[in-house]
Amino acid sequence: MEATPALEARPLMDEDTFRENFSQELKPHKTYLCYEVELQEDDAWIPVDEFKGFLRNQVTKHRRVGTEGKPRCHAELCLLELIPSWELDKERHYRVTCFISWSPCPDCASQLAAFLGKNSHLSLRVFASRIYTKFAGYETGLRQLQAAGAQITIMTSEEFEYCWKTFVDHQGTPFLPWDDLDKYSKMLSKDLKGILQGNWTWS
DNA sequence: ATTTTCAAT
């Protein structure tokens with residue numbers, strides 16, 4: 001009964017899942033989100049390791065007439081359901097960081113913004129691998145989220161490597177960037193900057 | 001080049 005120290009095994013993402021979902025070239029019909037929390041102490045951010053993890057969006061398995069399936073849940077809303085369970089001290093200030101494979105859709109962005117408005121003890125940073133442009137108004141959504149105080153950024157090799165080390169079951173192997181990682185990251189960063197500044201490049 | 005877009009036609 002001395003097998004493991006008080007260190008609880010945290011679930012880790014397998015390597016393929018990470019690569020398949022965070023590579024900018026692939027566009028899987030699912031979203032993964034890695035999250036972590038830090039507590040503000042003077043000028044420093046202290047990691048709160050117990051609330052570190054990852055999740056993915058939830059889908060209804062079977063849809064049948066007359067059956068009330070569990071509603072689909074985008075990854076961001078899964079996170080919003082999770083945060084209250086952490087019971088963070090409202091007298092202190094925390095920073096929640098998430099690394100997400102698709103940027104928030106307009107609805108999620110709006111809900112995140114509302115959440116930040118109601119939780120002034122929390123700050124939010126969003127690092128996205130890709131920009132989710134499927135739904136009309138995605139630009140406005142991202143701007144709204146930024147206006148609510150969130151920091152929104154495209155993941156660079158630095159964040160990919162951090163996620164690999166922190167959330168992936170990497171078996172001790174170092175992060176090997178995929179082809180064109182930096183190229184896509186720079187391209188998407190430029191796109192996001194334009195969006196957040198209110199420029200439109202597409203009609 | 002406009003793209004497998006938080007699926008399921």
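Because the structure is predicted, anything quoted here is derived from the model rather than measured. Reminder, nothing fancy here: chain letters follow the sequence lines and each chain counts from 1.
Note on A:Cys105: a base of the nucleic acid sits closer than 4.0 angstrom, heavy atoms only. When heavy atoms are screened at a 4.0 angstrom cut-off, A:Ser129 is found touching no nucleic acid atom at all. Within 4.0 Å (heavy atoms only), A:Lys30 reaches sugar-phosphate atoms of the nucleic acid but no base atom.
One C1' atom belongs to B:dT9, the other to B:dT4, and the distance between them is 14 Å to the nearest Å.
The aromatic rings of A:His121 and A:Tyr94 lie perpendicular to each other, with more than 60° between the two planes, well past the 30° mark. Classification of the A:Trp178-A:Phe18 ring pair by plane angle, with boundaries at 30° and 60°, yields tilted.
Atom-to-atom, CD of A:Gln24 to P of B:dT2 comes out at 20 Å; the value is rounded to the nearest Å. Computed from coordinates, the A:Arg130 CZ to B:dC6 C1' distance equals 10 Å when rounded to whole Å. Going from atom CD of A:Glu20 over to atom C1' of B:dT4 covers 13 Å, rounded to whole Å. The OH atom of A:Tyr184 sits 14 Å away from the P atom of B:dT5 (whole-angstrom rounding). Atom NZ in A:Lys134 sits roughly 17 Å away from atom C1' in B:dT2 (whole-Å rounding). Across the protein-nucleic acid pair, A:Arg19 atom CZ and B:dT4 atom C1' stand 19 Å apart, rounded to whole Å. Summarising the geometry, the separation between CD1 on A:Ile131 and C1' on B:dT5 is reported as 12 Å, rounded to the nearest angstrom. Here B:dA1 presents its P atom at 16 Å from CD of A:Glu25, a figure rounded to the nearest Å.
Results of the ring pair (Phe, Tyr, Trp, His ring centres under 6.0 Å) test with A:Tyr35 over A:Phe54, A:Trp86, A:Phe127 single out A:Trp86 as the only residue that passes.
Distances were taken from every side-chain heavy atom of A:Leu26 (C-beta onward) to each of B:dT4, B:dC6, B:dT5; the shortest belongs to B:dT4.
Considering only side-chain N and O atoms, A:Tyr132 lies under 4.0 angstrom from the phosphate OP1 or OP2 of B:dC6. Between A:His29 and B:dC6 there is a side-chain N or O to OP1 or OP2 distance below 4.0 Å.
Judged by distance alone, with hydrogens and angles left aside, A:Gln58 brings no side-chain donor or acceptor close enough to the base of B:dC6 to form a pair under 3.5 Å.
For the atom pair A:Leu33 CG and A:Asn57 CG, the distance stands at 10.0 Å (nearest 0.5 Å).
A donor-acceptor pair under 3.5 Å is formed between the side chain of A:Arg143 and the backbone N or O of A:Ile195.
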